[in-house]
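Just so you know, these numbers use all the heavy atoms, side chains as well, and skip hydrogens, waters and symmetry mates.
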Amino acid sequence: QVQLVESGGGLVQAGDSLRLSCTASERTSSRSAMGWFRQAPGKEREFVAVISWNGVDNDYSESVMGRFTISRDNALTIALQMNSLKPEDTAVYYCLAGIRYYRGRFSSTMASSADWGQGTQVTVSS
């Protein structure tokens with residue numbers, strides 16, 4: 001069973017930046033992608049960003065594109081640099097491993113067998 005640990009969440013003001021990190025205990029598969037989802041209060045979980053196993057390919061939701069950057073430090077660790085944060089970004093951010101993503105656009109089915117972290121709270125005040 002893969003264990004995922006997120007860190008870096010917190011309370012910031014609009015326009016500020018945060019960097020989230022996630023480390024997996026092991027790789028789900030030899031070429032598993034990792035990524036981030038988020039869930040705001042009263043909202044369903046939504047895709048944020050994904051990065052391929054080798055860090056070459058990635059995809060973002062339209063709402064964060066141009067402001068957030070996903071990166072892979074190694075096979076087990078990814079990060080999400082969040083700039084120009086908005087109150088609408090307030091949510092619990094979840095790290096995922098074992099995503100069946102390789103390139104191009106992400107689809108939700110690619111995360112159907114993924115492992116989820118416990119989440120880290122990001123709160124952006126106006």
Review point. Is the backbone N or O of Asn74 less than 3.5 Å from a side-chain atom of Thr77, with the two atoms forming a donor-acceptor pair by type?
Key: no
**Study point:** Ser25 side chain to Gln3 backbone, donor-acceptor under 3.5 Å
**Key:** yes
Review point. If only atom types and distance count, is the side chain of Ser52 paired as donor or acceptor with the main-chain N or O of Asp57 below 3.5 Å?
Key: yes
Review point. How close do Gly98 and Ser32 get, heavy atom to heavy atom, and via which atoms?
Key: CA-CB, 3.7 Å
Point to revise | Pairs touching residues 78-98 that satisfy salt bridge (charged side-chain N to carboxylate O under 4.0 Å, His left out), sequence neighbours left out | key: Arg38-Asp89, Arg67-Asp89
Exercise for review: Can you measure from CG (Asp73) to SG (Cys22) and round to the nearest 0.5 angstrom?
Suggested key: 11.0 Å
Exercise for review: Answer yes or no: does atom CZ of Arg72 have more than 12 heavy-atom neighbours from other residues, nucleotides or ligands under 6.0 Å?
Suggested key: yes
Check your understanding: How far apart are the closest heavy atoms of Leu96 and Tyr94, and which atoms are they?
Key -> CD1-O, 3.6 Å
Practice item. Considering only Ile, Leu, Val, Met, Phe, Trp and Tyr, and joining two whenever side-chain heavy atoms are under 4.5 Å apart, list the other residues clustered with Val124. Key: Val2, Leu4, Val12, Leu18, Leu20, Met34, Trp36, Val48, Ile51, Tyr60, Val64, Met65, Phe68, Ile70, Ile78, Leu80, Met82, Leu85, Tyr93, Val122
Exercise for review: Indicate yes or no: at least one non-hydrogen side-chain atom of Trp116 is less than 4.5 angstrom from one of Arg45.
Suggested key: yes
Point to revise | Greater than 12 external heavy atoms within 6.0 Å of Gln13's CD | key: no
Check your understanding: To the nearest 0.5 Å, what is the distance between CE (Met110) and CG (Asp59)?
Key -> 8.5 Å
Check your understanding: Can you tell if the side chain of Thr90 reaches within under 4.5 Å of the side chain of Gln121, non-hydrogen atoms only?
Key -> yes
Review point. Closest heavy-atom contact between Ser84 and Ser17?
Key: N-OG, 4.2 Å
Review point. What's the spacing between Asn58 CG and Arg103 CZ if we round to 0.5 Å?
Key: 13.0 Å
Practice item. First locate atom CD1 of Ile99, then atom OG of Ser108, and finally report the distance between them rounded to the nearest 0.5 Å. Key: 11.5 Å
Study note, to complete from the structure: Sorted by chain and number, sequence neighbours left out, side-chain contact (heavy atoms from CB on, under 4.5 Å) with Ser7 holds for Ser21
**Study point:** Close aromatic pair by centroid cut-off 6.0 Å: Trp53 and Tyr102
**Key:** no
Point to revise | Spacing of Cys95 atom SG and Phe37 atom CZ [to the nearest 0.5 Å] | key: 11.5 Å
Point to revise | Smallest separation among heavy atoms of Ala40 and Ala91, with atom names | key: N-CB, 3.7 Å
Check your understanding: Can you check whether Arg19 reaches Ser71 side chain to side chain, under 4.5 Å on heavy atoms?
Key -> yes
Review point. Just by distance, do the side chain of Glu6 and the backbone of Gly119 share a donor-acceptor pair under 3.5 Å?
Key: yes
Practice item. Anything under 30° is parallel, anything over 60° is perpendicular, the rest tilted; go ahead and classify Tyr101 against Phe106. Key: tilted
